[in-house]
Amino acid sequence: MKSFDPGAIERKWYRYWEENGFFSPSGRGDPFCITIPPPNVTGTLHMGHAFQATIIDTLLRYHRMCGYNTLGQPGTDHAGIATQMVVERRLMAEGQSRHAMGREAFIERVWEWKERSGQTITTQLRRMGVSVDWSRERFTMDERLSPVVLDVFVRLYEEGLIYRGQRLVNWDPVLRTAISDLEVINEEEAGSLWLIRYPLVGGEDHLVVATTRPETMLGDVAVAVHPADERYRRFIGRSVELPLAGRRIPVIADSYVDPAFGTGCLKITPAHDFNDYEVGQRHGLPLINIFTVDARLNDAVPEAYRALDRYEARKRIVADLEAQGLLAGIQPHVQVIPRGDRSHAVVEPYLTYQWFVKTGPLAGPAIEAVRDQRIRLVPKGWEKTFFQWMEEIRDWCISRQIWWGHRIPAWYDPEGRVYVARNEAEARVKYGLSADLPLQQDEDVLDTWFSSALWPFATLGWPDQTPELKTFYPTTVMVTAFDILFFWVARMAMMGLKLTGDVPFRTVYIHGLVRDAHGQKMSKTKGNVLDPLDIIDGRDVDSLVAKMTQGLMQPEMAERIAKNVRREFPQGFEAYGTDALRFTFAVLAGSGRDIAFDIRRLAGSRAFCTKVWNAARFVLMNVENAAPPTVPGETGERGNAIDRWIRSRFARALDEVKRGIADYRFDQVAQAIYEFTWSHYCDWYLELSKVVLADAEKSPEERAATRRTLIEVLESLLRLMHPVMPFISEELWQAVAPLAGVSGKSIMLRPFPEESRYCPDEDAEQEIEWLQKMVIEIRRIRAEMDVPYRKQVALFLSGGDDRVRDWVARNRGFIVSLGKLSSVEWLAPGVSEPESVVAVVGDLRLLIPMEDLIDREAELKRLSREIDALNSQLAKSRAKLDNPSFAARAPAAVVEQERQRLADTERNLEKLQSQKSRLEGTA
RNA sequence: GCACGGUUAGCUUAGCGGUAGAGCGACUGGUUUACACCCAGUAGGUCGGGGGUUCGAUUCCCUCACCGUGCACCA
């Protein structure tokens, strides 16, 4: 074990864990269960998944070590539209199309893709070290879950919670499917407002309507004005000639119209606008659909415009209106454009038959569950957002006009009557249909999120009352990003409560989104999407560029992406290893909504791994063959202060880690581990232990106690860090455990460190903190006086109470060694002081005689600087204490603290001032 | 328009009522037998602006500015 090489250990241990079945629930203890959010089988895992996997696995490993019966339930999601798009794009590259090859063959191709992509994803999750039970892996379209999805559809239909109807829906004319409200992104874009004259029947006048979509005029069925609008009151009830269409349409009054906007005249197109639809319903107006599924004009419009694309038609219509003198003007206008989140096509309100979930009856219980904390959202702030959305929820359109997904279990007879059942045979029985009645299954499939909503219980075997369901449902915690709070969390809550009668999870931990180092969203077109495996294993810049520019939706972006990649990662990636990546994610998992992933953080995390590795090497070298047999429970005796101190520090770190996990503050977890390991254990305890081990004067018992503390604390530390850094902790633990008198197959099956063996020790902390101050002061003087590293200096002490004298006596060896001193002596009273540099630790004065080494000017400057600082501190403290209301109103402890501070400052000041005048006197 | 989040050292961020912490970066000095992916030391912050509450505010309240997000939306 020369140096730390993550690549050499990770696969080995993962295989060991998995082959030995360590990821399966133990069957003992309280249940702890996380169903992992199933990644889409569209491609490969990105940094967001890796981040989430880290959090999930940290929770799983921690709770497993704490004795919970722990299940991590893995799986993947079929992601209907997204996956179908990916496969279609590949087909296109081959010069094929799904329509040419037919539904069955196409589905076959998607399955092939799913197999490959699913494989990649599970491999990636394994490389991340995720300790989920792979024997229970599920897929939303597998043979276990698919029947459940259909079963739920049938049940909800039977209860009237699913219905079919002709509605205006959000239609994606590129994908040619309906999508739900959530899948529409509304953004402001520059557009125009066209003013069009509609001549009044009778010919003496006209109304001017304002529209952003002139092409829809061919579907107009009315012109509406506000009933109180004096300008138009006289026209209400009359008719206008609809230009180009040659139809007459009425002028109606509706208070929906805003008289202040445009001209105050609104054209009504109920089949192509959600608001107009409402107006149309109120006034009993007809619906005229003028578009085809791909947003071309259909046969309902005059021949001249048929088959034109909507934007082509717009141009033509505007031109024709102008030619007829009916165009009253064009104004620039910023409008909100709805686009599909997948295709980015402008979404068309479109009249079709679709299936819907009636959300009203489902939302109430979900709101209640969050309100009474049966479901706890962490951070709590998300509750408001959740409530706001849930309280205005609209029915959920769940049918999609695509091929990849769960085909809707509904059959139609030649009359168009619908029969809903789990399969055709059941439909015939259920509805008493004769065997020769031809039935046609609905062509559509279900929204992916419909099946995802069942994930927490369907994966555990529901609707069967399996042992897993009984044990692990409701699941303990759902770890998810805020961007799918509505898409997924809300729907799981509704479905879980409806179908199982209980909440699907007790806690939802909502984490931030991983962004790049500049806080930018990661996207393929920016070339900042990273593959966690590239960070783990390393990748040179050329192959990184090649990878990021292949298979692009917009190949013309390649050059820009390449440039960006080379700018951001000029050296590509070094291999950082999984533990470093996980540790980095933990550090970044703070309270913010965004996680800015800076590659430079990784270097620090890997350095930390190396630090742990080297510390373990040191301990093993010093303890091997020399460790006394450890008797468990024997370690409570009062030993050396340094041994008690490091145990005390460990107790505090342990507490912080446990609290951090309980609060979902993984940054605090990582911070506590890092600080203990580096700043306490390595920087101080190892250095102090060297002094003990090298000191022949010390008793064998004392040295043995330090060796034992070295190994025991290290063994505990490895367990402390294991949930975050599973691989390095396992590798080292296997070597360390035997020397610590611990046995076991794996660190992951050992208990988390117990508080009982580590308790805070105030005495030891005070003593060692004093020792640290002494050493730091000496080092500072050495550094500021430019004392060469090897040069030993003498230290004289004066002042200090009995306790300090006692500490000096006990810690003399440490002070000499860490301070590189030649001697430590008490200044005899009455003897004149040697010319020295002075520092102060509490009551104690430290004098280092500088002889000819001293740079008097530099020292005077240093003293002046310190004196200035103390003076300003003094002024602050005095002002505070002189304020009568401070003493009267502030808590006694605070006042006392301030008094103490003032006294300390005065004392230090006095010492430094006398030192300064002494130095000036000898000049 | 409504709601939420953010604004702290050059960068990424923690702290959220009692004198501002970390990691990276910068600077100075070091091949000290665990570690140069290291060690020792140093510099760097009027905690976005303004007002208020308080003995005391980075921390609580109000307000403004800027950045980001969600929901809604008038053609």
Side-chain angles (χ1 to χ4, degrees), chain A residues 3-4 181 186 188 193-194 209-213 216 224 256-269 273-276 333 335-336 379 381-382 384-385 388-389 392 482-483 485-486 512-513 517-519 521 574 576 580 584 587-588 590-598 600-622 665 667-668 670-671 674-675 679 682-683 686-687 690 775-776 779-784 786-790 817-818 820 872-873 876-877 880 883-891 893-895 897-898 901:
Chain A
S3 64
F4 173 53
D181 300 329
N186 293 298
E188 286 194 343
L193 201 56
W194 284 270
V209 301
T211 181
T212 55
R213 305 199 56 196
T216 63
Y256 163 73
V257 180
D258 176 1
F261 187 89
T263 59
C265 290
L266 175 62
K267 64 193 249 346
I268 301 296
T269 325
D273 182 282
F274 290 102
N275 291 310
D276 290 7
H333 179 66
Q335 58 182 320
V336 175
W382 287 106
K384 193 162 178 179
T385 309
Q388 264 173 9
W389 187 73
E392 286 176 32
F482 63 79
D483 58 339
L485 186 61
F486 307 141
L513 261 25
H518 312 289
K521 206 168 169 178
E574 294 171 54
Y576 292 98
T584 303
V587 166
L588 295 174
S591 45
R593 282 193 185 179
D594 293 331
I595 294 132
F597 187 85
D598 192 337
R600 286 173 304 178
R601 272 269 175 175
L602 272 168
S605 299
R606 189 183 46 182
F608 179 58
C609 292
T610 308
K611 189 75 180 173
V612 172
W613 184 270
N614 287 319
R617 277 181 61 207
F618 169 82
V619 174
L620 289 171
M621 277 164 66
N622 281 282
R665 285 298 303 267
D667 56 330
Q668 287 172 3
Q671 191 61 41
Y674 185 96
E675 193 176 88
S679 306
C682 291
D683 282 352
L686 290 194
E687 295 307 320
K690 288 176 188 173
V775 172
I776 286 165
R779 282 174 177 167
R780 187 162 59 196
I781 289 172
R782 295 184 60 110
E784 284 177 1
D786 277 330
V787 178
Y789 172 73
R790 288 175 190 292
S817 178
L818 300 193
K820 296 266 181 267
S872 78
Q873 173 57 50
K876 263 195 243 172
S877 283
K880 217 170 195 181
N883 181 348
S885 45
F886 175 70
R889 308 234 186 164
V894 173
V895 177
Q897 184 192 328
E898 200 58 44
R901 187 178 293 148

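On a predicted model such as this, the values are computed, not experimentally measured, just so you know. A note on names: the letters A, B, ... follow the listed sequences, proteins ahead of strands, and every chain is numbered from 1.
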Are any protein N/O atoms closer than 3.5 Å to N/O atoms in nucleotides 2-8 of chain B? If there are, list each pair with its distance.
| from | atom 1 | to | atom 2 | distance (Å) |
| --- | --- | --- | --- | --- |
| A3(B) | O3' | Lys384(A) | NZ | 3.2 |
| A3(B) | O2' | Gln388(A) | NE2 | 3.3 |
| C4(B) | OP1 | Lys384(A) | NZ | 3.0 |
| C4(B) | O2' | Arg593(A) | NH2 | 2.3 |
| G5(B) | O4' | Arg593(A) | NH2 | 3.4 |

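- A65(B): Watson-Crick or G-U partner is U7(B), with both key distances under 3.5 Å.
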- Yes or no on side chain to side chain contact (heavy atoms under 4.5 Å, CB included) for Val587(A) and Tyr674(A), after CA distance, side-chain angles and deciding distance? CA-CA 10 Å; Val587(A) 166; Tyr674(A) 185 96; over 6 Å; no

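- A 3.5 Å limit on both hydrogen-bonding distances identifies G52(B) as the Watson-Crick or G-U partner of C60(B).
- Using a 4.0 Å heavy-atom criterion, one finds that Pro891(A) contacts the bases of the nucleic acid, with or without backbone contacts as well.
- Residue contacts for Ala596(A): at a heavy-atom cut-off of 4.0 Å it reaches the sugar-phosphate backbone alone, with no base atom in range.
- Of all non-hydrogen atoms in Lys267(A) and Asp276(A), the two that sit nearest each other are O-OD2, 3.3 Å.
- Looking at heavy-atom distances under 4.0 Å, Phe486(A) makes contact with sugar-phosphate atoms alone, never a base.
- In this structure, CG of Leu588(A) is placed 13 Å from C1' of A22(B), rounded to the nearest angstrom.
- Taking atom C1' in both A3(B) and A14(B), the straight-line distance is 27 Å, to the nearest Å.
- Across the protein-nucleic acid pair, Asn186(A) atom CG and A72(B) atom P stand 7 Å apart, rounded to whole Å.
- Not a single donor-acceptor pair, N or O on each side, falls under 3.5 Å between the base of U42(B) and the side chain of Arg780(A).
- Among the protein residues, Arg901(A) comes within range of the nucleic acid bases, having at least one heavy atom under 4.0 Å from a base atom.
- Rounded to whole Å, atom P of A75(B) lies 13 Å from atom CD1 of Ile268(A).
- Nucleic acid contact class of Arg606(A) (heavy atoms, under 4.0 Å, all strands): base.
- Across the strands present, U33(B) finds no partner; the criterion is a Watson-Crick or G-U wobble pair with both atom distances under 3.5 angstrom.
- Going from atom CG of Asp594(A) over to atom CG of Leu513(A) covers 7.0 Å, rounded to the nearest 0.5 Å.
- Base pairing of G70(B) is made with C2(B), judged by Watson-Crick or G-U wobble geometry with both donor-acceptor distances under 3.5 Å.
- The partner of U46(B) is absent, by the rule that a Watson-Crick or G-U pair needs both atom distances under 3.5 Å.
- Between Gln668(A) atom CD and Gln671(A) atom CD the span is 9.0 Å, to the nearest 0.5 Å.
- Contact annotation: Arg665(A) side-chain N/O to G15(B) OP1/OP2 distance is under 4.0 Å.
- Val619(A) comes within 4.0 angstrom of nothing in the nucleic acid, heavy atoms only.
- Regarding Ile595(A), its CD1 atom lies at a distance of 15 Å from the P atom of U12(B), rounded to whole Å.
- The base of A34(B) is paired with the side chain of Lys690(A) by a donor and an acceptor separated by under 3.5 Å.
- Straight-line distance between the C1' atoms of C62(B) and U28(B): roughly 48 Å, to the nearest whole Å.
- Contact annotation for Asp683(A): backbone-only contact, meaning every heavy-atom pair under 4.0 Å involves sugar-phosphate atoms and none involves a base.
- Between the side chain of Glu687(A) and the base of A34(B), at least one donor-acceptor pair of N or O atoms lies under 3.5 Å.
- Nucleotide U69(B) holds its P atom 9 Å from the CZ atom of Phe482(A), rounded to whole Å.
- Residues Lys876(A) and Leu686(A) both approach RNA chain B. Their nearest nucleotides, taken by heavy-atom distance, put Lys876(A) toward the 5′ side.
- The residue Ala607(A) sits close to a base: some heavy atom pair falls under 4.0 Å.
- In this structure, Cys265(A) reaches neither bases nor backbone, as no heavy-atom distance under 4.0 Å exists between it and the strands shown.
- In this structure, the nucleotide among A34(B), G41(B), G18(B) sitting nearest to the side chain of Ala615(A) is A34(B).
- Comparing the C1' positions of C39(B) and U31(B) gives a spacing of 11 Å, expressed to the nearest Å.
- Counting to the nearest Å, the P atom of C73(B) and the CG atom of Asp273(A) are 11 Å from each other.
- Pairing for U19(B) is absent, judged as Watson-Crick or G-U wobble with the two contacts each under 3.5 Å.
- Rounded to whole Å, the separation between the P atoms of U46(B) and U63(B) comes to 27 Å.
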- How far apart are the C-alpha atoms of Thr584(A) and Phe597(A), what are their side-chain angles, what is the distance that settles it, and do they pass the side chain to side chain contact (heavy atoms under 4.5 Å, CB included) test? CA-CA 9 Å; Thr584(A) 303; Phe597(A) 187 85; 3.9 Å; yes

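- The gap from the P atom of C38(B) to that of U7(B) amounts to 30 Å, rounded to the nearest Å.
- Along RNA chain B, the nucleotide closest to Arg600(A) and the one closest to Thr211(A) are compared, and the more 5′ of them pairs with Arg600(A).
- As judged by a 4.0 angstrom heavy-atom cut-off over every strand, Phe608(A) is placed among residues making no nucleic acid contact.
- As rounded to the nearest Å, U13(B) and U32(B) have C1' atoms that lie 34 Å from one another.
- Using a 4.0 Å heavy-atom distance criterion, Gln671(A) is classed as a sugar-phosphate-only contact.
- Taking a pair to require two hydrogen-bonding distances under 3.5 Å in either a Watson-Crick or a G-U wobble arrangement, A75(B) remains unpaired.
- Leu485(A) has its CG atom 12 Å from the C1' atom of C71(B), to the nearest Å.
- Here Asp258(A) lies in heavy-atom contact (under 4.0 Å) with a base.
- Between the CG atom of Leu513(A) and the C1' atom of U69(B) there is a distance of 10 Å, rounded to whole Å.
- The two residues Lys611(A) and Cys682(A) have their closest heavy-atom pair at CE-CB, 3.6 Å.
- When the C1' atom is compared between C11(B) and C2(B), the two are found 35 Å apart, to the nearest whole Å.
- The aromatic rings of Phe261(A) and His333(A) sit perpendicular to each other, their planes meeting at more than 60°, with 30° as the lower class boundary.
- Between Trp389(A) and Phe486(A), the angle of the ring planes stays under 30°, which puts this pair in the parallel group of the 30/60° scheme.
- Of the P atoms belonging to U54(B) and C64(B), the separation is 23 Å, rounded to the nearest Å.
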